[in-house]
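In the text below, chain A, chain B and the rest are named by the order of the sequence lines, each starting its count at 1. Any value given below was found using the heavy atoms of this structure, including those in side chains, with hydrogens, waters and symmetry copies removed. Everything numeric in this text was worked out from a predicted model, so none of it was measured.
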Amino acid sequence: MKSKVGLVDCNNFFVSCERVFPPDLKEKPLVVLSNNDGCAISRSNEAKALNIRMGEPYFKFVSIAKKHDIKIFSSNFELYADLSRRVMATIKTMVPLINVYSIDEAFLDLSAIPDHKIEVFCQELQERVQQWTGIPISIGVSYTKTLAKVANICAKREKGIRILLKETEIDEVLSSLPVKEVWGVGHKYTACLKNHHIETALDLKKVPLKWVRQFMSVIGERIVWELNGQVAYPLETQEASKKMILVSRSFKKPLSSFEDLSSFICAFTEKAAEKLRKENKLATHVYIFIKTDRFHQKEYYANGYEINLDRPSDETLTLIRASQAGLKKIFYPKHQYKKAGICFTRLIDASHVQYSLFSHPLEKRRIMLTKTIDQIKRKFGSKGIFYGDFSLKAFELTQREHLSPCYTTKWGQLAKVL
DNA sequence: TCTGGGGTCCTAGGACCC
DNA sequence: TCTGGGGTCCTAGGACCC
């Protein structure tokens with residue numbers, strides 16, 4: 001029996017999250033903005049109808065927003081992550097084998113459901129997720145992840161569910177799907193394919209493997225396999241462990257002093273180190289980068305520096321020292337820095353490290369310190385305690401003017417029923 | 001004035017080894 | 001006069017994803 005893959009995709013996920021608790025937002029146009037309230041990253045259907053594009057800078061549509069009373073939200077990832085967990089947990093009550101692909105998507109193993117029952121099954125799933133979490137979802141079903149993605153595009157258009165299991169039906173859908181809509185085909189590949197008169201997903205499906213290998217490497221080859229119903233991307237039901245951890249931000253106002261940048265790097269490192277410990281990983285390398293405004297190409301400066309740590313570490317103070325040393329290497333005064341970040345790479349499992357932590361007294365004390373600070377943060381929030389002299393400034397410089405409450409993760413911000 | 005953040009995978013080519 | 005070559009590891013950079 002051929003395996004069947006479902007793809008659940010939460011509709012306009014961030015916007016839908018914002019709609020779960022307030023009662024008055026159901027049919028209003030709504031937009032969620034990126035960090036610093038920079039640009040649109042999620043739009044309700046009503047906002048899409050007003051021609052607000054994905055990634056469009058807020059300043060470009062602020063007047064349309066005012067005119068049509070579009071509700072604007074800063075991104076609230078704490079809320080989204082929690083609702084995402086609830087959606088995934090709900091799906092698991094009906095489908096044991098799922099591959100969580102992103103915050104708002106999961107592939108499902110539906111092989112056990114007979115073809116003729118699959119539509120009803122999906123309807124039940126959709127209703128359950130809506131009822132239990134308040135989040136609307138679309139479901140596409142086919143034989144491979146890539147085809148399930150295609151089915152999901154159809155489902156979105158038809159507002160719901162699309163089962164693509166008949167060969168003729170699959171080809172019919174592929175023939176009217178522009179090739180750029182296919183999962184894994186970005187703008188570069190689209191341009192390349194267009195040059196060779198490959199316009200639709202069906203054209204791509206029929207391309208010889210040898211040809212696609214030459215122009216799109218093994219990636220293209222896999223896409224073609226998958227369009228033909230051959231699995232190239234199996235379901236991964238084990239959560240993959242992270243290979244890198246990155247924290248970066250753009251600044252609302254550019255920074256030029258070493259001290260200011262350094263305080264941000266310090267705050268980023270602290271944040272990244274917390275993630276690292278949560279993942280139970282140690283960093284072996286610390287990469288730091290800074291950039292000026294990419295929209296001003298003339299004076300553009302971007303640079304990064306990687307530090308190889310003496311010993312793998314997950315401990316904030318060591319990592320901060322490394323990042324500060326890295327910053328010194330690449331910082332030049334006189335530039336207006338618009339973005340900076342820190343990246344821990346080549347992570348290893350904390351449990352696999354051989355050396356004894358307790359053989360270094362200094363290190364032992366630092367680990368205790370890190371643990372204590374983590375505890376204080378859990379109790380009093382991230383501003384309760386922090387490293388360095390400037391972090392508070394760093395907190396305030398990230399602008400989120402339209403932030404919604406963390407309804408589900410902070411006691412003080414629970415939704416009120418009046 | 002104002003333009004996001006966090007990831008993964010693949011490849012080519014250099015370094016190095018025997 | 002002759003002047004190797006195969007294998008592996010590492011890294012930077014590209015392309016794509018949500």
Pairing stems for DNA chain B [at least three consecutive pairs; Watson-Crick or G-U; under 3.5 angstrom]: B:5-18 with C:5-18

Compare side-chain N and O positions of Lys253(A) against OP1 and OP2 of dC2(B) and report whether any pair is under 4.0 Å apart. no

Check this for me: does any side-chain nitrogen of one of Glu226(A) and Lys149(A) sit under 4.0 Å from a carboxylate oxygen of the other? no

Between dT3(B) atom P and Lys339(A) atom NZ, what is the distance in whole Å? 12 Å

Counting the atoms with a prime plus P, OP1 and OP2 as sugar-phosphate, which does Lys275(A) contact under 4.0 Å by heavy atoms, base, sugar-phosphate, or nothing? sugar-phosphate

Base, sugar-phosphate alone, or nothing: which one does Tyr189(A) contact when heavy atoms must sit under 4.0 Å apart? sugar-phosphate

Using the ring centroid of each side chain, check whether Phe14(A) and Phe73(A) are separated by less than 6.0 Å. no

Classify the nucleic acid contact of Asp293(A) as base, sugar-phosphate or nothing, counting any heavy atom under 4.0 Å across all strands shown. nothing

What's the CG-C1' distance between Asn36(A) and dG6(B), to the nearest Å? 16 Å

Contact check, side chains of Leu204(A) and Val224(A), non-hydrogen atoms, under 4.5 Å: yes

From the list dC9(B), dC10(B), dG4(B), which nucleotide is the closest neighbour of the side chain of Lys243(A)? dC9(B)

Nearest-Å distance, OH (Tyr300(A)) to P (dT3(B))? 14 Å

Go through dG6(B), dC18(C), dC10(B) for me and flag the one nearest to the Leu246(A) side chain. dG6(B)

Please report the distance, rounded to the nearest Å, between CD in Glu78(A) and P in dG5(B). 18 Å

How is Glu105(A) classified with respect to the nucleic acid when contacts are heavy atoms under 4.0 Å: base, sugar-phosphate, or nothing? sugar-phosphate

Please work out if Ile245(A) contacts a base, only the sugar-phosphate, or nothing of the nucleic acid, heavy-atom cut-off 4.0 Å. sugar-phosphate

Which nucleotide, dC17(C), dT3(B), dG5(B), lies nearest any side-chain atom of Cys39(A)? dT3(B)

What's the closest nucleotide to the Ser217(A) side chain, out of dG5(B), dC10(B), dC18(C)? dC10(B)

Is it true that Glu169(A) and Arg162(A) have a side-chain N and a carboxylate O under 4.0 angstrom from each other? yes

Could you check whether Val185(A) gets within reach of a base, just the sugar-phosphate, or nothing at all, counting any heavy atom under 4.0 Å? sugar-phosphate

CD1 of Ile103(A) versus P of dC17(C): gap in Å, rounded? 19 Å

At less than 4.0 Å, is any side-chain N or O atom of Lys338(A) found next to OP1 or OP2 of dT3(B)? Yes or no. yes

Of the listed nucleotides (dT3(B), dC16(C), dC18(C)), which one gets closest to any side-chain atom of Phe59(A)? dT3(B)

So, is Arg346(A) close to the dC10(C) phosphate, meaning a side-chain N or O under 4.0 Å from OP1 or OP2? no

Nearest heavy atom decides the nucleotide; on that basis, is Arg213(A) or His296(A) closer to the 5' end of DNA chain B? His296(A)

Looking at Arg400(A), I'd like to know whether one of its side-chain N or O atoms comes within less than 4.0 Å of OP1 or OP2 on dG4(B). no

Take the angle between the ring planes of Phe107(A) and Tyr101(A) and call it parallel below 30°, perpendicular above 60°, tilted in between. perpendicular

For the residue pair Gln324(A) / Ser262(A), report whether a side-chain donor-acceptor contact shorter than 3.5 Å exists. yes

Flag yes if more than 12 heavy atoms outside Glu172(A) fall under 6.0 Å of its CD atom; otherwise flag no. no

Interatomic distance, Glu221(A) CD vs dC16(C) P [rounded to whole Å]: 17 Å

Output yes when Lys205(A) and Glu167(A) qualify as a salt bridge under the 4.0 Å nitrogen-oxygen rule, no when they do not. yes

With heavy atoms under 4.0 Å as the rule, sort Phe77(A) into base, sugar-phosphate or nothing. nothing

From the candidates dC16(C), dC17(C), dT3(B), the one with an atom nearest any side-chain atom of Lys149(A) is dC17(C)

Interatomic distance where CE belongs to Met244(A) and C1' belongs to dG13(C) [whole Å]: 14 Å

Hey, does Phe61(A) have a side-chain heavy atom less than 4.5 Å from the side chain of Asn51(A)? no

Is any side-chain heavy atom of Leu108(A) closer than 4.5 Å to one of Leu125(A)? yes

Ser34(A) side-chain proximity, nearest of dC16(C), dG4(B), dT11(C): dG4(B)

Mind checking Val182(A) for me? I need base, sugar-phosphate or nothing, with any heavy atom below 4.0 Å counting as a touch. sugar-phosphate

Just call it for Lys60(A): base, sugar-phosphate, or nothing, with non-hydrogen atoms closer than 4.0 Å on any strand. nothing

Closest of dT11(B), dG4(B), dT8(B) to the Val218(A) side chain is dT11(B)

When rounded to whole Å, the CE to C1' distance for the pair Met54(A) and dC17(C) reads 12 Å

Check this one for me: any side-chain N or O of Ser250(A) less than 4.0 Å away from OP1 or OP2 of dG5(B)? yes

Give the nucleotide from the list dC18(C), dG4(B), dG6(B) with an atom nearest to the side chain of Ser248(A). dG6(B)

Checking all strands, does Arg222(A) fall into the base, sugar-phosphate, or nothing category for heavy-atom contacts under 4.0 angstrom? sugar-phosphate

